[in-house]
Amino acid sequence: MAAQQSQSIQTLLEAEKEAAKIVQQARQYRVQRLKDARTEASKEIDEYKKTKEAEFKAFEASRAGTTSDAQATVDRETDVKLQEITDSYNENKDAVIKKLLDRVVLVKPEAHRNLKKAA
């Protein structure tokens, strides 16, 4: 009976070793799957990032033309307004100077209205 017990114990030990091997393989498989998943996720993130960057560059390029067109329009309008102001100045400067000089030179000596007449 001792031999049978010894053989049963030996069988149990072998089964335990086999189970330990299976558990170790499962752990290694899990670790490998995690590494693979991380690598795959990293690749997907890089691809997504490249796609979004390309979309942004396309959007930026489409808007860049609009910005330069708007700037050119504003510059033209500014030049037109500046020319109008310059023309108006040139037309009216002589008349304004004449009015100012007439007002400065024209002096009417009279007492101030708040001044009381001395009795």
Side-chain angles (χ1 to χ4, degrees):
M1 199 148 131
Q4 190 179 16
Q5 229 179 12
S6 176
Q7 190 171 2
S8 295
I9 292 174
Q10 190 65 25
T11 305
L12 284 174
L13 287 174
E14 287 176 11
E16 190 176 325
K17 284 182 184 178
E18 186 66 29
K21 284 181 184 178
I22 291 172
V23 169
Q24 182 62 28
Q25 287 176 349
R27 285 183 181 151
Q28 287 176 349
Y29 178 75
R30 184 187 67 180
V31 167
Q32 185 61 39
R33 286 296 299 149
L34 284 173
K35 286 180 183 177
D36 291 345
R38 284 186 186 129
T39 304
E40 190 174 321
S42 177
K43 287 179 184 177
E44 287 180 14
I45 289 170
D46 288 342
E47 288 176 12
Y48 184 74
K49 187 176 180 181
K50 287 178 184 176
T51 303
K52 287 300 177 184
E53 284 179 1
E55 287 177 14
F56 175 72
K57 291 205 183 283
F59 176 77
E60 192 176 40
S62 70
R63 298 295 181 202
T66 305
T67 303
S68 63
D69 292 343
Q71 183 65 40
T73 303
V74 168
D75 289 344
R76 283 193 302 272
E77 289 175 2
T78 303
D79 290 341
V80 168
K81 296 253 183 200
L82 193 58
Q83 187 60 43
E84 288 174 4
I85 292 170
T86 304
D87 292 343
S88 175
Y89 166 77
N90 288 332
E91 287 175 16
N92 298 318
K93 71 178 178 180
D94 293 332
V96 170
I97 291 173
K98 185 175 182 320
K99 283 182 182 180
L100 284 173
L101 287 175
D102 287 345
R103 259 336 240 177
V104 169
V105 174
L106 179 65
V107 177
K108 293 181 185 177
E110 55 185 49
H112 194 271
R113 63 180 178 231
N114 290 336
L115 181 65
K116 293 183 182 179
K117 294 184 181 183

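We're numbering straight along the sequence, starting at 1. In what follows, every heavy atom counts, from backbone to side chain, and hydrogens, waters and symmetry copies are set aside.
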Indicate every side-chain donor-acceptor pair of residues 10-18 with a distance under 3.5 Å to a residue at least two apart or in another chain.
| unit_1 | atom_1 | unit_2 | atom_2 | d |
| --- | --- | --- | --- | --- |
| Thr11 | OG1 | Gln7 | O | 2.8 |

Fill in the blank from the handout: Rounding to 0.5 Å, atoms CG (Asn92) and CG (Asp87) come to a distance of 10.5 Å
Quiz: residues 38-59 side-chain donor-acceptor pairs under 3.5 angstrom, not counting sequence neighbours:
| unit_1 | atom_1 | unit_2 | atom_2 | d |
| --- | --- | --- | --- | --- |
| Thr39 | OG1 | Lys35 | O | 2.9 |
| Thr51 | OG1 | Glu47 | O | 2.9 |
| Lys52 | NZ | Glu55 | OE1 | 3.3 |

Problem - side-chain contact (heavy atoms from CB on, under 4.5 Å) involving Arg27 - partner list, sequence neighbours excluded - result: Val23, Gln24
Exercise for the section: Not counting sequence neighbours, which residues clear side-chain contact (heavy atoms from CB on, under 4.5 Å) with Thr73? List them please. Expected result: Arg76, Glu77
Exercise for the section: Quick one: list whatever passes side-chain contact (heavy atoms from CB on, under 4.5 Å) with Asp79, sequence neighbours left out. Expected result: none
Fill in the blank from the handout: Sequence neighbours excluded, the answer for side-chain contact (heavy atoms from CB on, under 4.5 Å) partners of Asp102 is Lys98
